[in-house]
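First up is the structure itself, then whatever we jot down about it.
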Amino acid sequence: MTGTDGRSVPVEERGVVVIGAGPAGLAAAIGARRAGADDVCVIERDRIPGGILNQCIHDGFGLFLYEETISGPEYAERLAEEAVQAGVRFETGTMVLDLTGDRLIKVNARSGYRILRAGAVVLAMGCRERTREMIEIPGTRPAGIFTAGCAQNLVNLQNIRIGREAVILGSGDIGLIMARRMAFEGMAVKGVFEILPWPNGLERNVRQCLGDFGIPLELSSTIVEIRGRNRLESVVVARVDPDLRPIAGSERTVACDTLLLSVGLIPENELAKRAGVALSPLTGGAEVDERFMTSVPGIFSCGNVLHIHDVADWASFEGLKAGAGAAAFAANRQADSRSAGAGEFRIYPGSGIRYVVPQILRSGAADVELDFRPDRPRRDERVGLRGRTTGRIYRRKKYPRLLPSEMAKISLPGVVEEDVEVWCGD
Ligand SMILES: Cc1cc2nc3c(=O)[nH]c(=O)nc-3n(C[C@H](O)[C@H](O)[C@H](O)COP(=O)(O)OP(=O)(O)OC[C@H]3O[C@@H](n4cnc5c(N)ncnc54)[C@H](O)[C@@H]3O)c2cc1C
């Protein structure tokens, strides 16, 4: 093939190629090896494997995978070591630039531009953070405004003090964890402001990161103006009505030199789009079947690039399954019917459910586990799985508590051969 400079570049034939070495990608590579793939490599743009875990120096990871709570870097180290032991090859410092529907992968490595052809590909590129521009906060453009993950990187990995008085917009997990981290760094944390009437992060993080440190959480509030010339000087906060519109007259000024934004994560799907993968408007990630294969045969997806996970272990468990699916595909080069839509059924989010993954069920698939999130906090709620053609109820399960911030699970019992709806309520 021809490279960007017009020179001929040989195409390297590969087995299973995983893009991204976070908890999802590392587990996918292990899953592929366990399922018998003999040529498995992980391509990672960073110098070291681990993904976002490397900057999460707090503990709380690994409760389900390792049955103990460890820090992010420890989790990354264990999983990377398991991958090495399993015979996975790593190509770090290597950026995937392009992916085609027939699994040609163009990379920029230390050794230069290369082209690989994979038997199967697993997408595990994680996510990116929403920025000030995306949520359109009015005001000036001073220094001192960071996304929470960027601040975490500067503080935890580069030992940089980013300011003295902080305000946090958004109560997602990264914002909560960074509120505590800022307090550890000796900063005055003036408050966490959340536009929704409920916190957007895990309940344990609200308790451990804010409650234990006396950091106020103001719900149904947002920032309506940013002030400051060179450095941030203050933000104007206001309460919002049930339609999330600022209430006139409720504004007040909060002095601060640092604003952290924790206002949502977006699956990193530029490569998926290039390859023609169908994306879900509900998750921002690919639509997958129960093997985690996307609409493009031989391209699989897992972890935050598929849908945002609150717990790294779930990303890893998903990776194991996606890796096994990729190994099977690469071994058989299956003539797959996915793209034709034959022999498959859809799983729909019904009343009270924000989204469900996987979205596709192939004929004959047994005991499929579904991940879902509710549309709002719910207590003592029953969730059901109902056949759309027959009206048959396949499962009813009671949940003492369902929160949009915590992914929940429910399984389809046995083999179901019709479209299914997941719904909440009676
Ligand atoms: C601040 C923060 C705190 C968290 N705290 C906890 C916690 O306490 N407990 C818990 O269980 N979970 C926690 N999580 C959640 C958990 O860390 C994530 O769900 C998990 O890391 C997602 O894994 P991933 O492999 O999908 O993505 P990532 O970890 O983001 O990995 C994606 C990898 O893909 C690489 N990549 C992307 N594009 C390319 C490309 N084109 N070429 C090559 N490589 C590429 C990236 O460099 C990265 O290494 C936290 C998350 C954050 C952000």
Side-chain angles (χ1 to χ4, degrees), residues 17-29 41-66 69-76 79-80 90-99 105-109 116 121-129 147-153 155-157 170 172-181 201-202 204-205 208-209 260 262 264-272 274-275 285 301-320 322-323 405-407:
V17 174
V18 179
I19 307 175
L26 291 171
C41 86
V42 183
I43 299 179
E44 169 57 52
R45 65 185 170 193
D46 210 342
R47 289 174 301 108
I48 53 168
I52 201 77
L53 295 172
N54 289 317
Q55 66 182 60
C56 299
I57 60 173
H58 55 279
D59 76 352
F61 291 85
L63 215 49
F64 303 96
L65 190 64
Y66 296 116
T69 153
I70 52 180
S71 71
E74 285 171 313
Y75 186 107
L79 208 51
F90 284 92
E91 296 198 20
T92 53
T94 303
M95 173 90 181
V96 175
L97 304 173
D98 195 16
L99 172 68
I105 304 169
K106 298 173 184 167
V107 305
N108 188 20
L116 322 175
V121 174
V122 182
L123 306 175
M125 292 91 69
C127 63
R128 59 174 185 266
E129 297 177 282
T147 59
C150 171
Q152 186 178 54
N153 187 293
V155 175
N156 291 355
L157 295 185
D173 287 312
I174 320 179
L176 300 176
I177 284 159
M178 283 310 290
R180 178 177 64 183
R181 190 75 185 94
L202 297 175
R204 71 159 198 238
N205 281 339
Q208 293 172 1
C209 300
L260 302 194
S262 175
L265 301 170
I266 303 167
E268 182 68 76
N269 268 306
E270 297 314 312
L271 291 175
R274 301 271 307 168
S301 179
C302 58
N304 276 358
V305 76
L306 179 60
H307 60 127
I308 300 303
H309 291 65
D310 30 274
V311 174
D313 305 61
W314 303 144
S316 297
F317 286 129
E318 209 170 79
L320 287 170
S405 56
E406 294 182 17
M407 202 157 71

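Order of appearance sets the numbers: ligands from 1, and atoms from 1 within every ligand.
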Proximity winner for atom 1 (C) of ligand 1, if only heavy atoms of Q152, E270, M95 are counted: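 Minimum heavy-atom distance to atom 1 (C) of ligand 1 goes to Q152.
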Of the listed options Q55, M178, M125, E91, closest to atom 37 (C) of ligand 1 (non-hydrogen atoms):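 Nearest heavy atom to atom 37 (C) of ligand 1 lies in M125.
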Between [X] and ligand 1, which part of the residue brings a heavy atom under 4.0 Å of the ligand: side chain, backbone, both or neither?
| X | result |
| --- | --- |
| E129 | neither |
| C56 | side chain |
| P49 | neither |

Compute the minimum heavy-atom distance from [X] to ligand 1 and say whether it is under 4.0 Å.
| X | value |
| --- | --- |
| H58 | yes |
| G149 | no |
| I177 | yes |
| R47 | no |
| N205 | no |

Sidechain-backbone polar pair: E129 side chain, T147 backbone, donor-acceptor under 3.5 Å: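 It does not hold such a pair.
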Under 3.5 Å donor-acceptor, D313 side chain and F64 backbone: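 Yes.
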Over all heavy atoms of both residues, which pair between [X] and [Y] is shortest? Give the atoms and the distance, please.
| X | Y | answer |
| --- | --- | --- |
| L202 | V311 | CD1-CG2, 4.5 Å |
| A76 | L26 | O-CD1, 4.1 Å |
| G50 | N54 | CA-ND2, 3.6 Å |
| A28 | V122 | CB-CG1, 3.8 Å |
| S316 | A27 | O-CB, 3.1 Å |
| G149 | I174 | N-CG2, 3.8 Å |

V305/I19 under side-chain contact (heavy atoms from CB on, under 4.5 Å): CA gap, chis, key distance, verdict: CA-CA 11 Å; V305 76; I19 307 175; over 6 Å; no
Nearest non-hydrogen protein atom, [atom]:
| atom | value |
| --- | --- |
| atom 19 (O) of ligand 1 | H309 O, 3.2 Å |
| atom 35 (C) of ligand 1 | E44 OE1, 3.3 Å |
| atom 15 (C) of ligand 1 | D310 O, 3.8 Å |
| atom 42 (N) of ligand 1 | V96 N, 3.0 Å |
| atom 18 (C) of ligand 1 | N304 ND2, 3.7 Å |
| atom 25 (O) of ligand 1 | A24 N, 3.0 Å |
| atom 34 (O) of ligand 1 | G20 CA, 3.2 Å |
| atom 13 (C) of ligand 1 | F61 CE2, 3.2 Å |

So if I count the atoms of ligand 1 from 1 in the order they appear, which ones are less than 4.0 Å from some heavy atom of [X]?
| X | value |
| --- | --- |
| G60 | 9 (N) |
| T94 | 43 (C) |
| G22 | 25 (O), 29 (O), 31 (O), 33 (C) |
| G51 | 29 (O), 31 (O), 48 (C), 49 (O) |
| G303 | 26 (O) |
| V311 | 10 (C), 11 (O), 12 (N) |
| A124 | 32 (C), 33 (C), 34 (O) |

Please confirm whether [X] comes within less than 3.5 Å of ligand 1 when only nitrogen or oxygen atoms on both sides are compared.
| X | answer |
| --- | --- |
| V305 | no |
| C302 | no |
| L271 | no |
| R45 | yes |

Just so I know, are the side chains of [X] and [Y] near enough to count as touching, which here means a heavy-atom distance under 4.5 Å?
| X | Y | result |
| --- | --- | --- |
| Q208 | H58 | no |
| I177 | C209 | yes |
| L306 | P267 | no |

Crowding at CZ, R274 (>12 non-hydrogen neighbours, <6.0 Å):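 Incorrect, the count does not exceed 12.
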N304/H309 under side-chain contact (heavy atoms from CB on, under 4.5 Å): CA gap, chis, key distance, verdict: CA-CA 6 Å; N304 276 358; H309 291 65; 3.4 Å; yes
Criterion side-chain contact (heavy atoms from CB on, under 4.5 Å) on Y66 and L79, from CA distance to verdict: CA-CA 10 Å; Y66 296 116; L79 208 51; 3.4 Å; yes
Polar side chain donor-acceptor pair, N153 to Q55, under 3.5 angstrom: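 Side chains of N153 and Q55: pair found under 3.5 Å.
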Criterion side-chain contact (heavy atoms from CB on, under 4.5 Å) on L116 and I43, from CA distance to verdict: CA-CA 11 Å; L116 322 175; I43 299 179; 3.7 Å; yes
